[in-house]
Number of protein chains: 2
Amino acid sequence: MADDLRARLRGKGFRLTPQRQLILDAVERLGHGTAEDVLAEVQQQVSAVNQSTVYRNLDVLEQLGLVRHIHLTGKAPTYHSTSGPQHFHLTCRNCRCVISVDQDVAAEFTARLRAEHGFVVDVGHLTVFGHCESCDRSDPPEDPHAQPESPA
Amino acid sequence: MADDLRARLRGKGFRLTPQRQLILDAVERLGHGTAEDVLAEVQQQVSAVNQSTVYRNLDVLEQLGLVRHIHLTGKAPTYHSTSGPQHFHLTCRNCRCVISVDQDVAAEFTARLRAEHGFVVDVGHLTVFGHCESCDRSDPPEDPHAQPESPA
DNA sequence: TTCCATGCAAACACTTTGCACCGTG
DNA sequence: CACGGTGCAAAGTGTTTGCATGGAA
């Protein structure tokens, strides 16, 4: 498994380093997490991995298709591993909950965009904003700048 | 028209200032623009409007529902006026072109999300990433954050 | 032995904030 | 004439970069 990773990296001229491995592990362990979350998670393990290393490696891992990022807020992007079924996200602007939805639910929609506009949707990157079931009845003044806690 | 604006502002305890008016005008003139674009546009008119004033007022105007912002890139958000028909955006990650699509095209999709997840979509804020017609055939390497092929 | 990768600190882009003054209502 | 708005500069976030050193292949 580490050898598989090594091979994938080598294939694009990258090397396998302990940091690289730790960062990928951290993303998988976290489910969804920002670069900052990943940094914290990694540092909990052994000790020092630098911030820049995290940014640089999330980039590399994304180039390899091993992780992906989405924008759940206007701020820092959230990374997740690409193992597991592809899905997209609904995020409630009120309570900030995040719902993962199987990509099939978007199939008709994306087919239509392809047919009518020749546009090929990257479903894995899709984030749909709105209000979740419980926040929809009451529609309290939304705070455009409130910050979320770590999403599930 | 300015009186209408004045009234809307007053209704929420805001005042009508020349800067406020200029900023709203600039957003309408630009179509789509970042805070920076708006600043530049406004400064071209008369002279001084401060950066902070632009940020503060885009906020106010958004609270009033007169402008909206979307995220076309991972960076600075793009503002547009809410006059005109509601639409959402397709943005090509390769050539960065932006296609505006009438909200009706998303109607089935949003209805489904509402039915299956009780989630009410804010269509005006929706941005769909992918590849446009011309960039889909060739998938040339690109900008700093171009996305790779889909993972397994 | 060759390059890619890392750590570190400084630079960056974008946005927010504190404060004194200004001007609308 | 009170209170919201503005300009200015400084402080914040989140991210990137230059450079010397370190380590995988």
Side-chain angles (χ1 to χ4, degrees), chain A residues 2-3 5-24 26 33-40 42-43 45-64 69-79 143-148 150, chain B residues 2-24 26 33-40 42-43 45-64 69-79 143-146:
Chain A
D3 284 337
L5 175 54
R6 184 189 315 271
R8 290 189 77 153
L9 285 162
R10 291 260 59 192
K12 296 215 179 182
F14 298 116
R15 293 172 182 173
L16 178 58
T17 63
Q19 290 90 334
R20 209 95 97 179
Q21 177 84 65
L22 284 168
I23 288 166
L24 179 55
T34 62
E36 195 185 357
D37 296 334
V38 173
L39 177 62
V42 167
Q43 289 184 329
Q45 295 300 303
V46 222
S47 55
V49 169
N50 194 272
Q51 196 188 47
S52 331
T53 303
V54 170
Y55 283 108
R56 288 193 271 232
N57 278 320
L58 287 173
D59 228 43
V60 167
L61 295 172
E62 190 152 33
Q63 283 176 56
L64 288 174
H69 80 274
I70 54 174
H71 300 279
L72 295 179
T73 71
K75 300 247 168 175
T78 300
Y79 290 82
D143 176 356
H145 293 297
Q147 277 317 296
S150 309
Chain B
D3 283 337
D4 181 53
L5 175 55
R6 186 189 312 274
R8 291 189 77 153
L9 285 162
R10 289 261 61 191
K12 295 214 179 183
F14 297 116
R15 293 173 180 171
L16 178 59
T17 65
Q19 290 91 333
R20 210 96 97 178
Q21 177 84 64
L22 284 168
I23 289 166
L24 179 55
T34 62
E36 195 185 358
D37 296 334
V38 172
L39 177 62
V42 167
Q43 289 184 329
Q45 295 299 303
V46 224
S47 55
V49 168
N50 194 273
Q51 197 189 44
S52 330
T53 303
V54 170
Y55 283 108
R56 289 193 271 231
N57 278 321
L58 287 172
D59 228 46
V60 167
L61 294 171
E62 190 153 33
Q63 283 177 53
L64 288 174
H69 79 273
I70 53 173
H71 300 278
L72 295 179
T73 70
K75 301 246 166 173
T78 300
Y79 289 82
D143 73 274
H145 276 290

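Computation of the quantities below employed the complete heavy-atom set of this structure, encompassing side-chain atoms and omitting hydrogens, waters and symmetry-equivalent molecules. Computed from a predicted structure; not experimentally measured. By convention in this document, chain letters (A, B, ...) are assigned in the order of the sequence lines, proteins followed by strands, and residues within each chain are numbered from 1.
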#### Entry: Value in whole Å for how far the C1' atom of C:dG7 lies from CD1 of A:I23
12 Å

### Message
Expressed as a whole number of angstroms, how long is the span from B:L39:CG to D:dC8:P?
### Response
12 Å

### Query
Taking C-beta and beyond as the side chain, do A:L58 and A:H69 meet within less than 4.5 Å on heavy atoms?
no

### Task
Would you mind reading off the distance between B:H69 atom NE2 and C:dT15 atom C1', rounded to a whole angstrom?
13 Å

### Summary
The nucleotide from D:dG4, C:dT15, C:dT6 with an atom nearest the side chain of B:R20 is D:dG4

### Query
A:L58 CG to D:dG14 P: how many Å, rounded?
15 Å

### Task
Taking all heavy atoms of B:V38 and all of B:G33, pick out the closest pair and write down the distance.
CG2-O, 4.4 Å

#### Entry: Closest non-hydrogen atom pair between B:V49 and B:V54, with its separation
CG1-CG2, 4.1 Å

### Task
Rounded to the nearest angstrom, tell me the gap between atom NZ in A:K75 and atom C1' in C:dT15.
7 Å

### Message
Whole angstroms only, please: what is the CZ-C1' distance between A:R8 and C:dC4?
### Response
20 Å

#### Entry: Annotated protein contacts, base or backbone, on nucleotides 18-25 of chain C with a non-hydrogen cut-off under 4.0 Å, one of B, S, - each
B----BBS

### Query
Between A:A35 and A:Y55, which heavy-atom pair has the shortest distance, and what is it?
CB-CE2, 3.5 Å

#### Entry: Check: A:T78 and A:D37 side chains under 4.5 Å, non-hydrogen atoms
no

### Query
Side-chain N or O of B:N50 less than 4.0 angstrom from OP1 or OP2 on D:dG5?
no

### Query
A:Q21 CD to D:dA24 P: how many Å, rounded?
13 Å

### Message
Mind checking if A:Q51 touches a base, just sugar-phosphate, or nothing, with heavy atoms under 4.0 Å?
### Response
base

### Query
When you check the phosphate oxygens OP1 and OP2 of C:dT16, does a side-chain N or O of B:Y55 lie under 4.0 Å from one of them?
no

### Query
Any side-chain heavy-atom pair from A:L22 and A:N57 closer than 4.5 angstrom?
no

### Query
Under the side chain to side chain donor-acceptor pair (under 3.5 Å) test, which residues partner B:T73, sequence neighbours left out?
none

### Spacing between B:Q63 atom CD and D:dG5 atom P, to the nearest angstrom
10 Å

